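For clarity, every value in this text was computed on a predicted model and none was experimentally measured.
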Amino acid sequence: MAEPFAWPVRVYWEDTDAGGVVYHAQYLAFMERARSEWMRGLGLGQDLLRSRDDLVFVVRAMTTDFRAPARLDDQLQVSVRLLECRGASLVLAQRVERDGALLVEASVRIAALRASSFRPCPIPPALAASLALLVETV
């Protein structure tokens, strides 16, 4: 199995409460950045998909398991793995780790929408074929 894509994230003061612990909602922002960089790394930046394919990907559902806190100044790794590529959606597995220790784990369902109408649409066939090559089995 290929190494999952990982994006480094430093925890700043703005990410934490007064005790220096990361707010739970901030992990969602960390995961969003990692997903965007994963797509960009595949040559599929969000601007390109919107202008070329009238396509945007949006979070439809997310299940999150918080295991341990991150703290001010921690260096985190946020990983992305593609588990499913369906006609109009993707399922991704994401992890937030510090020095190899799991802090947060999430399953994220992404829906494909037309950028012009925000209505569901199929993933374009060429894009779906490219993404299907990246699907990992657990």
>> Could you walk me through whether Met39 and Gln46 satisfy the side chain to side chain contact (heavy atoms under 4.5 Å, CB included) test, starting with their C-alpha distance in whole Å, then the side-chain angles of each, then the deciding distance to 0.1 Å, before giving a yes or no?
In response: CA-CA 8 Å; Met39 292 293 290; Gln46 296 176 45; 5.6 Å; no

> Under 4.5 Å between any side-chain heavy atoms of Leu92 and Arg81, yes or no?
Replying inline: no

>> For a 4.5 angstrom cut-off between non-hydrogen side-chain atoms, does Arg109 reach Met62?
In response: no

About how many Å separate [atom2] of [Y] and [atom1] of [X], when rounded to the nearest 0.5 Å?
X	Y	atom1	atom2	answer
Tyr23	Asp15	OH	CG	9.5 Å
Leu103	Asp74	CG	CG	7.5 Å
Phe5	Glu37	CZ	CD	6.0 Å
Leu90	Leu83	CG	CG	10.5 Å
Arg50	Arg114	CZ	CZ	15.0 Å
Leu134	Cys85	CG	SG	9.0 Å

Path from [X] to [Y] over hydrophobic side-chain contacts below 4.5 Å:
X	Y	result
Leu42	Val135	yes
Ile110	Val56	no
Leu72	Val78	no
Leu113	Leu55	no
Val59	Trp7	yes

> Does the pair Met31 and Val104 meet the rule for a side chain to side chain contact (heavy atoms under 4.5 Å, CB included), with working shown?
Replying inline: CA-CA 10 Å; Met31 288 186 267; Val104 179; 4.2 Å; yes

>> Suppose we screen for ring pair (Phe, Tyr, Trp, His ring centres under 6.0 Å). Which residues come up paired with Phe66, at least two apart in sequence or across chains?
In response: Tyr27

> Should Val91 and Val108 be marked as a side chain to side chain contact (heavy atoms under 4.5 Å, CB included) after you check the CA-CA gap, both sets of side-chain angles, and the distance that decides it?
Replying inline: CA-CA 6 Å; Val91 175; Val108 186; over 6 Å; no

> Can you list the residues that meet the side chain to side chain contact (heavy atoms under 4.5 Å, CB included) rule with Arg10, with sequence neighbours excluded?
Replying inline: Tyr12, Gln75

>> Go through it in stages, so that I can follow the logic: the residues are Ser36 and Arg33, the test is side chain to side chain contact (heavy atoms under 4.5 Å, CB included), and I'd like the CA-CA distance, side-chain angles, deciding distance and then a yes or no.
In response: CA-CA 5 Å; Ser36 294; Arg33 291 177 202 163; 5.7 Å; no

> If only atom types and distance count, is the side chain of Ser130 paired as donor or acceptor with the main-chain N or O of Ala126 below 3.5 Å?
Replying inline: yes

> For the side chain of Ser89 and the backbone of Arg86, is there at least one donor-acceptor N/O pair under 3.5 Å apart?
Replying inline: no

> Does Asp53 have any salt bridge (charged side-chain N to carboxylate O under 4.0 Å, His left out) partners at least two apart in sequence or in another chain, and if so, which?
Replying inline: none

>> If I compare all heavy atoms of Ala88 with all of Cys121, which pair ends up nearest, and what's the gap?
In response: CB-O, 3.2 Å

> What are the two closest heavy atoms between Leu82 and Leu131, and how far apart are they?
Replying inline: CD2-O, 3.2 Å

> Which one of Glu97, Arg98, Arg95 satisfies the side chain to side chain contact (heavy atoms under 4.5 Å, CB included) criterion with Leu76?
Replying inline: Arg98

> Salt bridge between Asp65 and Arg67, side-chain N to carboxylate O under 4.0 Å?
Replying inline: yes

